[in-house]
Amino acid sequence: MLLLPRPTSVSSGEQGPPLSFFVAGVRYQKAPIRLLEGDRVRIVPGTFNGARSYAVIATTGEQVGFVPKGTVPLVTSLSSSAGDEHIARVILAQHDAVPWKRYKLAMGR
């Protein structure tokens, strides 16, 4: 007898797959940050040029970069209120990569 996993539904209360993205704007930060895989960062809401944005902040309090513009609506949809901060985890740290591919983050849905 072959047993197959039962399909799950997002509406059943289970969380969907994590949201993942590369951090934007890493090369524009004044102090170079060296994050490692597994490090946690804060995703902090703000505005840039009058539009919603999210800064990526290291545990040291230094800004690493931003959530990419195209990912902002997905992060906003995870918020229960406009001022919600989120926690993300570094799932890829490539210090020799181009800045826009240096850090990939994942956050729960």
Side-chain angles (χ1 to χ4, degrees):
M1 181 171 159
L2 178 63
L3 296 175
L4 298 174
R6 290 174 40 184
T8 59
S9 166
V10 175
S11 63
S12 69
E14 296 182 24
Q15 292 183 349
L19 171 63
S20 64
F21 55 88
F22 284 98
V23 177
V26 172
R27 68 180 169 166
Y28 299 112
Q29 303 313 310
K30 292 177 184 159
I33 307 295
R34 203 161 166 89
L35 298 175
L36 302 174
E37 291 177 16
D39 284 354
R40 294 189 181 274
V41 294
R42 294 174 33 230
I43 308 297
V44 180
T47 57
F48 181 75
N49 288 338
R52 165 65 78 200
S53 68
Y54 290 91
V56 176
I57 308 293
T59 56
T60 59
E62 297 169 290
Q63 185 165 342
V64 178
F66 298 93
V67 172
K69 185 177 180 179
T71 307
V72 167
L74 297 171
V75 174
T76 301
S77 72
L78 299 175
S79 302
S80 58
S81 69
D84 280 353
E85 287 190 15
H86 300 278
I87 299 296
R89 186 174 41 89
V90 178
I91 59 171
L92 184 64
Q94 303 178 107
H95 299 109
D96 295 330
V98 293
W100 55 91
K101 296 285 185 180
R102 191 159 295 157
Y103 299 119
K104 188 173 188 177
L105 306 181
M107 47 190 298
R109 288 192 184 205

Review point. Of L19, V72, V23, V44, which is the lone residue that meets side chain to side chain contact (heavy atoms under 4.5 Å, CB included) with V67?
Key: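 Single pass found, and it is V72.
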Student check: side-chain heavy atoms of [X] and [Y] closer than 4.5 Å:
X: W100; Y: V26; result: no
X: D39; Y: R89; result: no
X: P18; Y: M107; result: no

About how many Å separate [atom2] of [Y] and [atom1] of [X], when rounded to the nearest 0.5 Å?
X: F22; Y: T71; atom1: CZ; atom2: OG1; result: 11.0 Å
X: Q63; Y: R42; atom1: CD; atom2: CZ; result: 10.5 Å
X: T60; Y: I33; atom1: OG1; atom2: CD1; result: 5.0 Å
X: H95; Y: Y103; atom1: NE2; atom2: OH; result: 3.5 Å
X: I43; Y: I87; atom1: CD1; atom2: CD1; result: 8.0 Å
X: D96; Y: R102; atom1: CG; atom2: CZ; result: 8.0 Å

Taking all atoms of both residues into account, what is the closest heavy-atom pair of [X] and [Y], and its distance?
X: S53; Y: F48; result: OG-N, 3.7 Å
X: Q29; Y: G65; result: NE2-CA, 3.9 Å
X: L35; Y: A58; result: CD2-CB, 4.2 Å
X: E85; Y: P45; result: CG-CD, 4.0 Å

Point to revise | hydrophobic_cluster_shared for V90 and F21, side chain cutoff 4.5 Å | key: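 Yes.
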Exercise for review: Say whether L74 and L105 are linked into one hydrophobic cluster, either directly or through other cluster members, by side-chain heavy-atom distances under 4.5 angstrom.
Suggested key: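 Yes, it is one cluster - the side chains of L74 and L105 are joined through contacts under 4.5 Å.
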